[in-house]
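Starting from 1, each residue takes its place in the sequence as its number.
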Amino acid sequence: MGFLLSKSMDANQQKQQEFMLHNARLQMERQILMQNQMRERQMAMQIAWSREFLKYFGTFFTLTTLGLTVGAIKKRKPSLFAPVIPLSFFLTYQVDMAYGTLVYRMRGEAESIMASEHDRLDLPHGTPTFDSIEKSRRARSSLASLLEK
């Protein structure tokens, strides 16, 4: 009788472990999907910000270029046109970021770094572990209890 009960309990325990594993896998998949959606939203906001900034900077650049060009022609001083050159580099960067291929080139460079220069990505003191976090938490909690006294 005890053997049958033990066998039944082992089967229930096995089913419960499988259920827990299934739930853990589902939770992890949901976390990965949520993090990816947050990353996509952040990137979309960054691109949208670049496009909005481009509208304002494009207007500034156009007015500045027109004003400096008119001033350079009227005063016969081509040096007044000089600030347009660095501003045009910045405008080109903004256009590339907002509508060009800058994001794709940055992604390619990031993938290259992750593949061939992975040592640059290491954190100081390595990846945090449960023990290191718990040690830090305990140190802070004991410090807080000392300060309260």
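For the atom pair CD of Q35 and CD of Q31, the computed distance is 6.5 Å after rounding to the nearest 0.5 Å. Put simply, OG1 on T59 and NZ on K55 are 10.0 Å apart, with the number rounded to the nearest 0.5 Å. Once rounded to the nearest 0.5 Å, the distance linking CD of Q27 with CE of M34 reads 10.0 Å. To the nearest 0.5 Å, atoms CG (L54) and CD1 (I47) are separated by 13.0 Å. The distance from the CD atom of Q94 to the CG atom of L87 is 12.0 Å, given to the nearest 0.5 Å. Separating the OG1 atom in T65 from the CD1 atom in I85 is a distance of 10.5 Å, to the nearest 0.5 Å.
Ion pairing between a basic and an acidic side chain is recognised when a charged N comes within 4.0 Å of a carboxylate O; E134 and R138 show such pairing. A salt bridge is absent between K15 and E18: the closest approach of a Lys/Arg side-chain nitrogen to an acidic carboxylate oxygen does not fall below 4.0 angstrom.
Annotation: R25, atom CZ; neighbour count of heavy atoms from other residues, nucleotides and ligands within 6.0 Å does not exceed 12.
Side chain of S136 to backbone of S132: no donor-acceptor contact under 3.5 angstrom is found. Side-chain atoms of T101 never come within 3.5 Å of backbone atoms of Y104 as a donor-acceptor pair (strictly under, hydrogens ignored). Remark: side-chain polar atoms of T64 are paired, donor with acceptor, to backbone N or O of F60 under 3.5 angstrom.
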Side chain to side chain contact (heavy atoms under 4.5 Å, CB included) evaluation trace for E111 with R107
CA-CA 6 Å; E111 288 172 355; R107 183 182 307 142; 3.8 Å; yes

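Looking at heavy atoms from C-beta onward, M43 lies in side-chain contact with V103 at the 4.5 angstrom threshold. By the 4.5 Å heavy-atom criterion applied to side chains, P128 and L123 are counted as neighbours. Residues Y99 and S50 have side chains not in contact (no heavy-atom distance under 4.5 Å, counting atoms from C-beta outward). Considering only heavy atoms from C-beta on, I32 comes within 4.5 Å of M28 through its side chain. The side-chain heavy atoms of D122 and T127, taken from C-beta on, include no pair separated by under 4.5 Å. Taking the side chain as every heavy atom from C-beta outward, Q17 and L21 never approach each other to under 4.5 Å.
Both F57 and L68 belong to a common hydrophobic cluster when Ile, Leu, Val, Met, Phe, Trp and Tyr are linked at side-chain heavy-atom distances under 4.5 angstrom. Residue F81 is grouped with residue F90 when hydrophobic side chains (ILVMFWY) are merged at heavy-atom distances under 4.5 angstrom, including chains of intermediate members. Linking ILVMFWY residues whenever their side-chain heavy atoms come closer than 4.5 Å, directly or via other members, leaves V70 and F61 in distinct clusters.
Classified by interplanar angle (parallel below 30°, tilted 30° to 60°, perpendicular above 60°), the ring pair F53/W49 is parallel.
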